[in-house]
Visitor: 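I'd like to ask some things about the structure below.
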Amino acid sequence: MNTSRTKGQIILSHTITYFNLLNLVLAGLVIVSGQYKNMLFMGVVIANSLIGIIQELRVKRLIDALSVITATKVKIVREKSLDLIPIEELRTGDIIEISTGDQLVADCVVTSSSGLELNESLLTGESVPVLKKKGDSLLSGTFVTAGTGRAEVIHVGTDNYASQLVAKARTKKRATSEMQNAIKKIIRYVSYALIPIGLLLFYIQYIKVGAGLSDSLVSTVAGVLGMIPEGLVLLTSVSFILGVGRLARKKALVQEMEAIEALARVNVLCLDKTGTITTGRLTVDSILPLSHYADSTIETIMNGFVFAFSETNATTKALQDYFKDTRPYEIIDSVPFSSQRKFMGVTFTDAGSFVLGAADFLCHDLSVIRTAQRYEKQGYRVLLLASCDSLCTSKEGLSGVTPYSLFILSDEIKQDAPEIFRFFSSQGVDIKIISGDSAATVSAVGLRAGVHGAEHYIDATELPHDFTALCEIVNNYTIFGRVSPEQKQQLVKALQHKGKIVGMVGDGVNDVLALKDSDCGIAMANGSDAARQTAHIVLLDSDFSSMRNIVKEGRTVIANIERVSALYLTKTIYSILLCVLFIILRKNYPFIPIQLSLIGATAIGLPSFLLTLEQNDKVTTGGFFRHVLRISLPAALILTAALLCIQFLASPLDLAPIMISTLNLLIGGIVSLSVVAIVCRPFTKRRAALCIGITILFFGAVLLMPKFFNILPLWKIM
């Protein structure tokens with residue numbers, strides 16, 4: 001199930017279904033029987049299909065309008081200017097410009113490169129970034145982790161390498177849906193049983209019991225009809241569709257409907273510090289020159305260094321706001337920042353080579369590291385400027401690193417952060433902050449923002465490489481600092497291995513691998529193309545605080561489906577039991593279709609529709625199937641036992657067939673209405689009114705139209 005189906009696909013998916021075709025066959029049997037009133041169930045089938053089509057078309061219009069915001073576009077070079085065009089308009093021979101965070105939408109050949117590095121893990125499984133130079137090939141589906149460049153398009157559409165791979169590593173993990181998996185399993189087993197049970201039931205009714213062809217057909221239709229959980233399928237489908245629509249109005253674009261359930265069941269939420277705890281805005285608080293280097297020397301170097309790169313992030317933006325764009329030296333070479341490398345570098349003509357990054361990552365001078373750690377423990381972000389002999393794309397290749405200066409930057413904590421984290425704590429959702437910054441810095445910021453357990457932090461360099469060992473300690477920490485993209489992915493997998501349902505919030509290229517493997521990946525609309533394309537849900541307002549309402553909405557959808565599913569499965573279970581038992585006993589099936597239609601309308605259809613409109617965010621954690629069976633199985637067994645008692649007492653009490661039919665309908669209705677009452681607990685005024693209303697409807701129909709339902713008037717059995 002996805003949210004981008006065409007109108008034709010939507011109509012077909014709600015009309016040409018296994019159960020609809022089966023209902024048509026059953027309707028044909030009723031026509032043959034001549035008892036046309038028993039075709040009332042087809043009105044429900046048609047209404048269900050129309051409701052599903054109308055609701056999904058309405059949501060599709062809303063989603064299509066919002067999808068424009070996150071649609072993948074590409075920068076194309078035309079007559080020395082840059083135009084932003086939809087990928088559908090891209091043609092072979094076009095020259096495109098790419099930079100950090102962009103995802104390749106077509107196969108290309110590099111025409112120019114400025115430190116261009118790509119992550120090809122979504123295609124190859126290899127997560128190490130690959131440096132790309134002029135003439136190198138770029139494959140669609142990969143994404144830029146560092147640098148900028150231009151490339152000529154050589155393949156588009158289905159000719160692309162990624163399109164030809166179809167289901168290879170590029171395919172992200174689908175959002176998990178325990179509920180849909182359970183419902184599909186139920187449908188599969190029922191589907192296997194329908195035809196043989198139906199044929200046996202007809203054989204017993206017509207040959208062994210000796211009922212006429214007309215009555216045998218009607219009894220068979222009733223038995224098979226009761227086994228079909230089609231209302232449950234519709235309920236799930238429409239609830240998901242409406243949930244997608246409601247979430248869209250809350251500025252969340254759901255790219256997979258299953259993500260609604262995954263989000264509702266998430267009990268661990270992994271996120272970065274920037275944009276969640278902090279606003280993402282940084283300011284330079286102070287500069288600490290090291291050794292004999294003067295402020296003017298450092299300023300001159302930085303006036304050239306921070307303006308050497310076309311792509312920017314929050315850190316470089318803060319530095320650019322602080323320094324001046326004088327560019328005193330000519331730039332010979334540059335290495336852009338990447339989350340794997342954790343530093344950036346520039347080589348000037350007359351000044352040499354310099355790198356800028358984390359102090360404890362670049363430097364071995366203990367006094368410099370201690371100074372940096374002192375500020376980090378207070379919640380500041382600390383960067384080290386150092387000279388080196390020559391530039392290299394890895395830390396191991398750097399030599400002659402000499403510290404020049406420390407830059408102290410501060411994050412702005414979001415005002416609503418404490419309230420948001422209190423909400424998640426109250427919902428039983430553990431927060432894990434996974435950041436590329438210093439663990440001590442993130443811990444201090446987390447404590448100020450009210451993140452529960454933020455004092456428990458660890459540097460990713462201290463994490464074990466063995467996955468089993470990582471699984472053993474992953475729950476011991478709330479804050480993970482200096483984390484690489486691969487480690488983010490491993491942390492998500494380790495939490496899942498420990499039985500957690502993991503949500504991942506991210507916006508950058510460094511989050512893509514973790515987003516891909518999480519149970520529910522959530523990306524910011526203002527983040528990278530790669531993050532948006534990989535995520536299951538996109539926050540269109542790029543505001544983490546909206547997660548509170550989104551989680552509530554998702555939990556409401558799932559909690560309501562969980563609650564009313566018991567109504568549908570009760571009917572399915574007792575119908576299967578009755579069919580099997582009455583085949584063994586060689587007795588007339590106790591219901592006819594019109595009676596099941598009455599029970600279905602009053603004790604299943606109407607209450608399920610009204611209950612799914614309620615606000616209820618208490619999702620069960622004990623498993624969907626177990627939770628539903630806890631209510632439906634005992635009710636189905638009670639109803640089956642009661643109907644068997646009537647059969648065994650019919651001869652001793654000399655009960656007429658119409659009296660047996662009357663008692664069967666009354667017991668079926670009373671037990672089904674009792675299930676509604678159980679599902680409605682704890683009672684509110686609205687739920688009490690619902691229970692009273694459907695009881696009046698059921699008994700009103702029985703009192704006013706006994707002949708229509710093939711039963712005695714109630715006053716004759718009193």
Visitor: Which value, rounded to the nearest 0.5 Å, describes the distance between Leu271 atom CG and Met504 atom CE?
Guide: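 Answer rounded to 0.5 Å: 7.5 Å.
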Visitor: More than 12 non-hydrogen atoms from neighbouring residues, nucleotides or ligands closer than 6.0 Å to CZ on Phe609, yes or no?
Guide: no
Visitor: Name each donor-acceptor pair under 3.5 Å that joins a side chain in residues 650-661 to protein atoms two or more places apart or in another chain, with its distance.
Guide:
{"residue": "Ser661", "atom": "OG", "partner": "Gln595", "partner atom": "NE2", "Å": "2.9"}
{"residue": "Ser661", "atom": "OG", "partner": "Asn710", "partner atom": "O", "Å": "3.1"}

Visitor: Mark yes or no for whether Ser219, through its side chain, and Ser216, through its backbone, hold a donor-acceptor pair below 3.5 Å.
Guide: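 Looks like no, no N/O pair under 3.5 Å.
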Visitor: Would a 4.5 Å heavy-atom cut-off, applied to side chains only, mark Ile594 and Leu598 as touching?
Guide: no
Visitor: Taking side chain to side chain contact (heavy atoms under 4.5 Å, CB included) as the test, write out the residues that go with Lys7, two or more places apart.
Guide: Leu57, Lys60
Visitor: Counting only N and O atoms by type, is there a donor-acceptor contact under 3.5 Å from the side chain of Asn20 to the main-chain atoms of Ile16?
Guide: no
Visitor: Measure the shortest side-chain to side-chain distance between Arg246 and Val557 over non-hydrogen atoms and say whether it is less than 4.5 angstrom.
Guide: yes
Visitor: What closest approach, in Å, do Ala677 and Cys691 show between heavy atoms, and which atom pair accounts for it?
Guide: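 The answer is CA-SG, 3.9 Å.
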Visitor: List the atom of Ile260, the atom of Gly554, and the distance in Å for their closest heavy-atom pair.
Guide: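 Nearest heavy atoms, Ile260 then Gly554: CG2-CA, 3.9 Å.
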Visitor: Could you check Leu269, Val551, Leu247 and say which one makes a side-chain contact (heavy atoms from CB on, under 4.5 Å) with Leu263?
Guide: Val551
Visitor: Go through the steps for Leu666 and Val702 under the test side-chain contact (heavy atoms from CB on, under 4.5 Å), then give the verdict.
Guide: CA-CA 9 Å; Leu666 290 175; Val702 170; 4.3 Å; yes
Visitor: Is the shortest heavy-atom distance from the side chain of His536 to the side chain of Val254 under 4.5 Å?
Guide: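 No. Closest side-chain heavy atoms not under 4.5 Å.
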Visitor: So, Arg555 versus Gln427: side-chain donor-acceptor pair below 3.5 Å or not?
Guide: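 There is such a pair (donor and acceptor under 3.5 Å, judged by atom type) between the side chains of Arg555 and Gln427.
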Visitor: Keeping the roles fixed (side chain from Asn267, backbone from Ile501), state whether a donor-acceptor pair exists under 3.5 Å.
Guide: yes
Visitor: Sequence neighbours left out, what passes side chain to side chain contact (heavy atoms under 4.5 Å, CB included) with Ile694? Give chain and number order.
Guide: Leu606, Pro607, Leu673, Val676, Leu690
Visitor: Less than 4.5 Å apart, any side-chain heavy atom of Thr602 and any of Thr695?
Guide: no
Visitor: Which value, rounded to the nearest 0.5 Å, describes the distance between Leu201 atom CG and Thr220 atom OG1?
Guide: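 Going from CG on Leu201 over to OG1 on Thr220, the span is 4.5 Å.
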Visitor: Just grab all the ring-ring contact (aromatic ring centres under 6.0 Å, His included) pairs involving residues 184-210, residues at least two apart or on different chains.
Guide: Phe202-Tyr206
Visitor: Going by salt bridge (Lys or Arg N to Asp or Glu O under 4.0 Å), name the residues that satisfy it together with Arg548, two or more places apart in sequence or in a different chain.
Guide: Glu419
Visitor: Do Phe582 and Ile204 come within less than 4.5 Å of each other through their side chains, counting heavy atoms only?
Guide: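 Phe582 vs Ile204: side chains apart.
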Visitor: Find the distance between OG (Ser13) and CD1 (Ile53) and round it off to the nearest 0.5 Å.
Guide: 7.5 Å
Visitor: Around atom CZ of Arg686, are there more than 12 heavy atoms of other residues, nucleotides or ligands at under 6.0 Å?
Guide: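 Yes, because the 6.0 Å sphere around CZ of Arg686 holds more than 12 heavy atoms from other groups.
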Visitor: Looking at every heavy atom in both Pro682 and Arg687, which two are closest together, and how far apart are they?
Guide: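 In terms of heavy atoms, the two residues are closest at O-NH1, 2.8 Å.
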Visitor: Identify, with sequence neighbours excluded, every residue that meets side chain to side chain contact (heavy atoms under 4.5 Å, CB included) alongside Ile186.
Guide: Val190, Leu569, Phe625
Visitor: Under the 3.5 angstrom rule, does the side chain of Arg563 hit a backbone N or O of Leu611 as a donor-acceptor pair?
Guide: yes
Visitor: Quick one: do Ile573 and Leu629 satisfy side-chain contact (heavy atoms from CB on, under 4.5 Å)? Show the steps, please.
Guide: CA-CA 10 Å; Ile573 294 170; Leu629 284 180; 3.8 Å; yes
Visitor: Search all heavy atoms of Phe544 against all heavy atoms of Ile420 and return the closest pair with its distance.
Guide: CE2-CG2, 3.7 Å
Visitor: Which residues satisfy the side-chain hydrogen bond (donor to acceptor under 3.5 Å, both in side chains) test with Ser575, sequence neighbours excluded?
Guide: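 Partners of Ser575 under the side-chain hydrogen bond (donor to acceptor under 3.5 Å, both in side chains) test: none.
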Visitor: Please tell me if the side chains of Lys251 and Asp543 come closer than 4.5 Å, counting only heavy atoms from C-beta onward.
Guide: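 They are not in side-chain contact.
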Visitor: Nearest 0.5 Å, please: how far is CG in Leu585 from CG in Leu578?
Guide: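 It is 10.5 Å, given to the nearest 0.5 Å.
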Visitor: Under 3.5 Å, is there a donor-acceptor pair between the side chain of Ser425 and the main chain of Arg422?
Guide: no
Visitor: Please list every donor-acceptor pair under 3.5 Å in which a side-chain atom of residues 631-648 meets a protein atom from a residue at least two apart or in another chain.
Guide:
{"residue": "Ser632", "atom": "OG", "partner": "Val628", "partner atom": "O", "Å": "3.0"}
{"residue": "Thr640", "atom": "OG1", "partner": "Ala636", "partner atom": "O", "Å": "2.8"}

Visitor: Could you tell me the separation between the OG1 atom of Thr534 and the CG atom of Leu515, rounded to the nearest 0.5 Å?
Guide: 6.5 Å
Visitor: Can you tell me how far apart CD1 (Ile599) and NZ (Lys571) are? Round to the nearest 0.5 Å.
Guide: 9.5 Å
Visitor: Could you work out, with side-chain hydrogen bond (donor to acceptor under 3.5 Å, both in side chains) as the rule, every residue matching Ser214, not counting sequence neighbours?
Guide: Gln35
Visitor: Could you tell me whether a side-chain N or O of Asp519 sits under 3.5 Å from a main-chain N or O of Ala262, the two making a donor and an acceptor?
Guide: no
Visitor: Run the side-chain hydrogen bond (donor to acceptor under 3.5 Å, both in side chains) test against Asp416 and tell me which residues pass, sequence neighbours left out.
Guide: Ser545
Visitor: Locate the shortest heavy-atom distance separating Ala525 from Ser542; write the atom from each residue and the value.
Guide: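 Result for this residue pair: N-OG, 3.2 Å.
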Visitor: Where the side chain of Ser672 meets the backbone of Gly669, is there a donor-acceptor pair that is under 3.5 Å apart?
Guide: no
Visitor: What's the verdict on side-chain contact (heavy atoms from CB on, under 4.5 Å) for Asn588 and Gln205, showing C-alpha distance, side-chain angles and the deciding distance?
Guide: CA-CA 6 Å; Asn588 283 316; Gln205 306 294 299; 3.4 Å; yes
Visitor: Please answer whether the main-chain N or O of Gly503 pairs with a side-chain N or O of Ser518 as donor and acceptor at a distance below 3.5 Å.
Guide: no
Visitor: Looking only at atom types and distance, does a side-chain atom of Arg532 sit under 3.5 Å from a main-chain N or O of Met524, one as donor and one as acceptor?
Guide: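 Not at all, since once roles are kept as given, no pair shorter than 3.5 Å links the two residues.
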Visitor: Let me see the working for Ile522 and Val538 under side-chain contact (heavy atoms from CB on, under 4.5 Å), right down to the final yes or no.
Guide: CA-CA 6 Å; Ile522 304 115; Val538 179; over 6 Å; no
Visitor: Evaluate Tyr568 against Ser608 for side chain to side chain donor-acceptor pair (under 3.5 Å), listing each step before the verdict.
Guide: CA-CA 9 Å; Tyr568 291 95; Ser608 67; 2.8 Å; yes
Visitor: On a heavy-atom basis, which atom in Ala27 and which in Met42 lie closest, and how many Å separate them?
Guide: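 Residues Ala27 and Met42, closest heavy atoms: CB-CG, 3.6 Å.
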Visitor: With sequence neighbours excluded, tell me which residues meet side chain to side chain contact (heavy atoms under 4.5 Å, CB included) with Arg630.
Guide: His627
Visitor: His452: what forms a ring-ring contact (aromatic ring centres under 6.0 Å, His included) with it, not counting sequence neighbours?
Guide: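 Here no residue qualifies.
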Visitor: Flag the pair Phe699 / Ile670 as yes when at least one side-chain heavy-atom distance between them is below 4.5 Å, and no otherwise.
Guide: yes
Visitor: Would you indicate whether the side-chain heavy atoms of Ile197 and Val224 approach each other to under 4.5 Å?
Guide: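 No, too far: nothing below the 4.5 Å cut-off.
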